[in-house]
Amino acid sequence: MEVWEKVWVKDADFLLSTHGKVGCVICHGGDSQKEDKELAHAGLVIDPSDGNCETCHKDIAETHDFSLHATLSGFKSALEARGGSIEEGSPLDTAFENHCQECHTSCGQCHVSRPDEVEGGLVSGHKFRETPSTQYNCVACHGSRVGAEYLGQNAGIPADVHWTQEMMLCTDCHSEELHGSGEVLDSRYHNPDMVKCEDCHQDVWTNTEGNPQHEQHLGDLSCQVCHSVAYKNCYGCHVAIDVEGMPCRTSEPSVMQFEIGYNPLRSSERPYKYVVLRHVPTCSGTCDFYGDALFPDFNAASTWKYATPHNIQLHTPQNESCDACHDNTDLFLTEEDIRAEEKEANKDIIVDEFPETVGK
Amino acid sequence: MKKLVMAFTVILVLFALAVIGCTNKELVGPSPEAEQEVVSTCVTCHTDKDTLKELATTEEAAKSEATTGEG
């Protein structure tokens, strides 16, 4: 996006809309009477979400303040789970501010412009979009893994059936959960309002007749175990400050893998014994630039995480037949799949007993 | 007499409500000033593609060139 295009109010109708009529300086500051660019922009607030949106959208703003998008509590809980201290001024807190905080998103970065993480820019000429753009907002940040999976951008891997058949957008499934539940959560999977497959596919649960696989496995396997295919796994992320003083990161090339493991988040909400697991980019030395042993209890949290790959298919290699999955060790997360330094962290989710073949 | 006083009071209250209005004054809405502001240098420049192109300055690199791999 060109620099000028990022701030181009291309649709004059915006000026007649509710938000347009409020006037520029009320939200953005600056001086609308000055003709000189520098003077007109003095005191300009590029993203005026904080303190403005809540004036009218109080309910949503209050909840959003606790959401993962606002607090990044998912990152914080992952750091703390490994014994990391993110007390103000600590080395890990500095790392967090330099590398994680950029993923924070505001009201405007979903509903008006592209996120700062991708260098901003108005999405629809300053129009306030009730529904964020899948392309310019959601996938702008969630593009490497989920976005690429959903849209079929991984070589040889088909796009998600919800996209290819129905062209469903992110917000068709993920709606109010994106504004949070009103509580600070450890991860998106802890949000009671999180979308579930059965929200739409209730019939799968109420009528298993004629589908022996559902009859046998509902409640024992997450939907993705049978209906997703290979997805992206990332390794060895390291963060640092470069010679120019800018935050930077490096990571190993990602790997397309499909790994079924024991459920690390087993609960009444997710009772499945088996789920698919995704390797997250972290490693024990991710933040070594900021100090030694910043994760003193690294093994307390697994590096393979509960996952919901967004490349759902009706037919997959593993659901072709019973024995396509049973005793097919290639599909399961085993000792061999785990790096030596991560075996202890993942010991509880490594599959050590495989379902027996059934001859079908 | 009592009924007359009561009726007068009710009419007075209704009149006061009509004058004051029942809107929440905390809500921000388009004010006369805001309406006027639509005709501002902000709008003049930011709706004119050519002006924006002319005045655009190169942005400083927001990302480190040392960054590699997927995020």
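Only heavy atoms go into these numbers, but all of them, side chains included; no hydrogens, no water, no symmetry mates. Order of the sequence lines sets the chain letters (A, B, ...), proteins ahead of strands, with each chain counted from 1.
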Bottom line for B/Thr51: the part with an atom under 4.5 Å from chain A's heavy atoms is neither
A/Tyr235 vs A/His279 aromatic rings, parallel, tilted or perpendicular, using cut-offs 30° and 60°?
parallel
Tell me, for A/Glu35 versus chain B, whether the close heavy atoms (under 4.5 Å) come from the side chain, the backbone, both or neither.
both
Non-hydrogen atoms of chain B under 4.5 Å away: do they reach the side chain of A/His41, the backbone, both or neither?
side chain
Heavy atoms only, distances under 4.5 angstrom: which of A/Ser254, A/Ala40, A/Gly236 has the most pairs with chain B? Name it, please.
A/Ser254
Does any backbone or side-chain atom of A/Glu102 lie under 4.5 Å from a heavy atom of chain B? Answer side chain, backbone, both or neither.
neither
Indicate yes or no for a side-chain donor-acceptor contact from A/Lys232 to the backbone of A/Ser144 under 3.5 Å, with no hydrogens or angles considered.
yes
With distance as the sole test, does B/Thr44 use its side chain to make a donor-acceptor pair with the main-chain N or O of B/Ser40 at under 3.5 Å?
yes
Turns out that what part of A/Lys6 lies under 4.5 Å from chain B's heavy atoms comes down to side chain
Determine whether A/Glu117 and B/Lys63 make a side-chain contact, defined as any pair of heavy atoms from C-beta on separated by less than 4.5 Å.
yes
Options A/His19, A/Lys37, A/Glu119, A/Glu5, ranked by heavy-atom pairs under 4.5 Å with chain B, top entry
A/Lys37
Do the rings of A/Phe128 and A/Phe14 sit parallel, tilted or perpendicular, given the 30° and 60° boundaries?
parallel
NZ/NE/NH1/NH2 to OD/OE distance under 4.0 Å, B/Lys49 and B/Glu54
no
Best-contacting candidate, B/Ser64, B/Gly69, B/Ala56, against chain A by heavy atom pairs under 4.5 angstrom
B/Ser64
Heavy atoms of other groups near A/Tyr136 OH, more than 12 under 6.0 Å
no
Does atom CD1 of A/Ile46 have more than 12 heavy-atom neighbours, drawn from other residues, nucleotides or ligands, at distances under 6.0 Å?
no
Do you know which of A/Glu2, A/Lys10, A/Glu244, A/Lys34 has the most heavy-atom pairs with chain B at a distance under 4.5 angstrom?
A/Lys34
Go through the atoms of A/Pro247 and report whether side chain, backbone, both or neither lie under 4.5 Å from a heavy atom of chain B.
backbone
Proximal component of A/Asp31, with respect to chain B [non-hydrogen, under 4.5 Å]
backbone
